[in-house]
Amino acid sequence: MKRIYLLNLLIAVYTCAEAQVSPKASFQSINQVGVLEGEAGSAFQLQTINGIRYKTYSAGIGVGLDYYFERAVPVFIDLRKNILAKQNSPFVYLEGGIPFTWTKSKDDIKEPEYHHQLMYEAGIGYNLPIGKNARFLMSAGYNYRSFTEYSYPTYWIYAYPVQKKQRFDYELRRISIKMGLEF
Amino acid sequence: MNRLLFALSLLIAFVFQGCLKDSCRNTYTIYRPIYKKLSQVRDDMHSVAPKQLVATGKIYVYGNYIFLNELNTGIHIIDNTNPSSPRNMAFIPIPGNVDIAVKDNYLYADSYSDIVVFNISNPTDIKPAKFLNNVIKENGYFWGTLTKPDSVMILSGYTQKDTTVDCETYNQWRNCITCGIFFSASDVYLTATPSSSSSGGTGKAGSMARFGIVNNYLYGVSYMNLYSVDITIPSNPQLAGTTVVSGGIETMYPFKDKLFIGSTSGMFIYDLSNPVHPSSLGQFSHVRSCDPVITDGQFAYVTLRSGTACQGFTNELDVLDVTNPSNPSFLKKYDMSNPHGLSKDGDLLFICDGKDGLKVYDAKKKDDIKLIRKLDGMEAYDVITTGHTAIVVAKDGLYEFDYSNKADIHQISKISISNS
C-alpha cells in the first residue's frame, strides 16, 4: 500500500513539474570541482562545460583538469538529462572525450610520448535552484581513463646510462564526485 | 525491506570495488643472448659477402676504402674508388666491434675487450693476423680469470621476442644483467691520425672515434683508461701501457704529438712525448655532456649535445684556443640543435647536427663562423673530410657530399640502410 501511494505521488509531481520547463533552447554553463577516488588514491579535479539546454536535455563541450595519477586536461562532450521537468531534479549524465596528458618533468632524458588517450564518465546527480537563473548541482559517477605512454627510462650498464624505449598501457578506473554551479 | 536495502548496498559496494582497479601493462622486447666459444667466433672472423647496412656506427677511411662499423656486429668494407658510386663489397663479422683503425694495410678492430688485427692487403680476402686477448679490461667480463679462447664464451647474437607483462612484474626484471648488457655499445673505440695512403700509412677516423694511431702506437680509450699498444710490427701489436685518465671518457682525437680527449665533464689534452704513458698537459671543463672534439692545432672544436647517455641539456659548439695546450681557453660558443661529430678541412668546418642534418661553416674567423650550407633530410652522426668529399654516416645510411666548390656543396651518393 505504501509503495502504491509513493508511486502515485511521484507521478503527480512529475506531471505538475512538466509545465515548469522552458520550451526554448538556451545557453548553459556548468562549472564544477570535485575529487577522483580510486586505487591510486584521491585527486582533485575541476571542469567547465558550456553548451545548450533544451527542455530536460542539455549538451555541451567541456574542458577540465584531472590530477589523478598522471595529470591531464580532459576535453570532452557532455550530455545530460533531467529526470524531472523542473528546476530541482535528479539528472543523469554521460561524458566522453580525450584526456590530454600534461606531464610534469621526469628523470628520463627524453620526454615521454602519449597516445590512444580516452576517457568516459557516467553518473547521476541532483540540481538545486539558487536564485532565479542559477542552480547548485552535485553528482557522483564512474570515470574511466586510458592512455599509452612511450617512455625512455634510464638503465645503468656498468658506468653508462642507457635508455630503451618502453611502452606502458594504463587503465584508470575512478569514482568521480563533483559539485558546482550551473547558469 | 531494510535487509534487502542493506544487502543491495553491500552488493553495489562489492561490484564498485572491483571496477575501481587501475591497471598498467608494459610491452617491451626481451633479448635472449646467444653465446659461442670465442675460438669458434674467431674462426668466423674473415671477410664474407657484403651485408645490408642496418645499425650504422663509426666510419674510417683508408685509401679508396671506407670501413663502416655495424654496431657490435662487424665492419662493412666499401670500395669508394668512385665516390659517386660507392660499392659495398664485403663484410667482416666481429662480435662486439665498435671502433676501427688502420696502418700499413693492417686493420685494428675491437671485439669486446680484445683487439683483432686483420691483414687487409687484399680487401676481398681479409683474415685475422693476430688476437690481443683482454686488452680493454672494462669489457673483460667474458674472460674473467680464464686465459684460453676455448674456455671463453662470448655474446655472439641474440633472439628477440616482444612480450607484455604487468608493470609490477617487469620492475623485477629490470636488473637482468645479461639482457641489459646487450642494449649497450662497447666502450672501446679506435681512431687514426689524419693522413691517408692507399698502400701504407694510416687512415682517417671520425671525431666520434676512441682509437688513435700516432707513429708506432695505437691508443684506445675506455670510459676511464687510456691504453697504449705498440704496433712497431703492425702484424704483431703488444700492449705497452695503461694510463688512468678520468671518468666519462668518450672520444679521442690524435693531432701530431698530442691526444685531445673528450669526456662528459670536459676536454683533456695529453702529451705523447712518452708514448707508453702519455701525460696530462691541460684541460678545459664544461657542463655535463657528450662531447666529440677535433683540433687544427691552434683551436679545438667541441660539440656538446643533450638527449644522450651522458645527460646534460646543452646543445652548442665551443671553440677553444689551444695555442697553449697547457692552458686551453674558451673563445666562443655557437648554438646548435643537437650536434654530434665534426670535421675540419682548411677553413671549412663540418658539423653533424643530428636531425638538423649536416651544416657547413666558414670558420676562417673563429669568433664569427658563418653557416654557408645546410644539408637536410638526414640524422647525421659523424663526418670525415677527404679534401673534396665529405663522408657522413647518418641514421639512414652513408652519404657522400662533394665540397670541392664550396659555393656548390651537394650530395653525390648514398648507401641506404636496410628497411627489413
Side-chain angles (χ1 to χ4, degrees), chain A residues 1-3 6 35-43 66 68-70 105-112 115-116 120-124 140-177, chain B residues 1 12-13 15-31 137-141 162-167 170-171 173-187 222-225 247-250 264 288-290 305-313 338:
Chain A
M1 185 61 184
K2 280 185 181 178
R3 290 175 194 167
L6 184 60
V35 294
L36 291 159
E37 179 70 37
E39 199 173 16
S42 302
D66 173 350
Y68 183 91
F69 182 70
E70 192 79 58
S105 62
K106 294 194 174 187
D107 293 335
D108 297 345
I109 292 170
K110 188 172 176 180
E111 286 296 314
H115 300 274
H116 311 124
Y120 65 77
E121 182 173 325
I124 58 173
Y142 175 76
N143 182 293
Y144 170 90
R145 177 182 157 203
S146 66
F147 61 96
T148 296
E149 174 185 315
Y150 292 98
S151 63
Y152 301 83
T154 301
Y155 302 86
W156 285 89
I157 310 296
Y158 300 116
Y160 278 107
V162 174
Q163 298 88 48
K164 196 70 179 170
K165 186 175 181 179
Q166 300 287 344
R167 171 179 171 159
F168 298 90
D169 294 297
Y170 292 97
E171 289 183 299
L172 309 176
R173 301 175 178 88
R174 305 84 61 87
I175 295 174
S176 171
I177 299 172
Chain B
M1 181 66 177
I12 291 171
V15 170
F16 227 18
Q17 183 68 28
C19 292
L20 292 181
K21 190 169 177 56
D22 297 335
S23 74
C24 170
R25 306 278 292 166
N26 180 222
T27 303
Y28 64 105
T29 304
I30 293 181
Y31 294 88
K137 297 208 181 291
E138 284 71 36
N139 276 359
Y141 61 87
D162 289 339
T163 190
T164 300
V165 297
D166 182 80
C167 291
Y170 178 71
N171 282 335
W173 292 10
R174 280 184 60 168
N175 294 321
C176 169
I177 295 177
T178 51
C179 301
I181 283 174
F182 213 75
F183 295 160
S184 71
S186 167
D187 291 336
S222 67
Y223 70 87
M224 60 178 286
N225 285 321
I249 299 299
E250 297 193 293
T264 53
R288 185 179 178 89
S289 182
C290 286
R305 68 184 187 278
S306 65
T308 68
C310 313
Q311 303 179 342
F313 306 96
N338 195 229

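This is a predicted model, so every value here is computed, not measured. Proteins get letters first, then strands, A, B, ... in listed order; numbering begins at 1 in each.
- Looking at A/Y68, only its side chain comes within 4.5 Å of chain B, counting heavy atoms on both sides.
- For the pair A/E39 (side chain) and B/D22 (backbone), a donor-acceptor distance under 3.5 Å is present.
- For the pair B/L20 and A/R174, the tightest heavy-atom approach, listed with the atom from each and the gap, is CD2-C, 3.6 Å.
- A distance of 8.0 Å separates OG in B/S23 from CG in A/L172, rounded to the nearest 0.5 Å.
- To the nearest 0.5 Å, the span separating CG on A/D169 from OG1 on B/T164 amounts to 7.0 Å.
- Among the candidates A/E37, A/R145, A/R167, the residue making the largest number of heavy-atom pairs closer than 4.5 Å to chain B is A/R167.
- For the atom pair CD (A/E171) and SG (B/C24), the distance works out to 10.5 Å, reported to the nearest 0.5 Å.
- With a 4.5 Å cut-off on side-chain heavy atoms, A/F168 and B/C167 count as touching.
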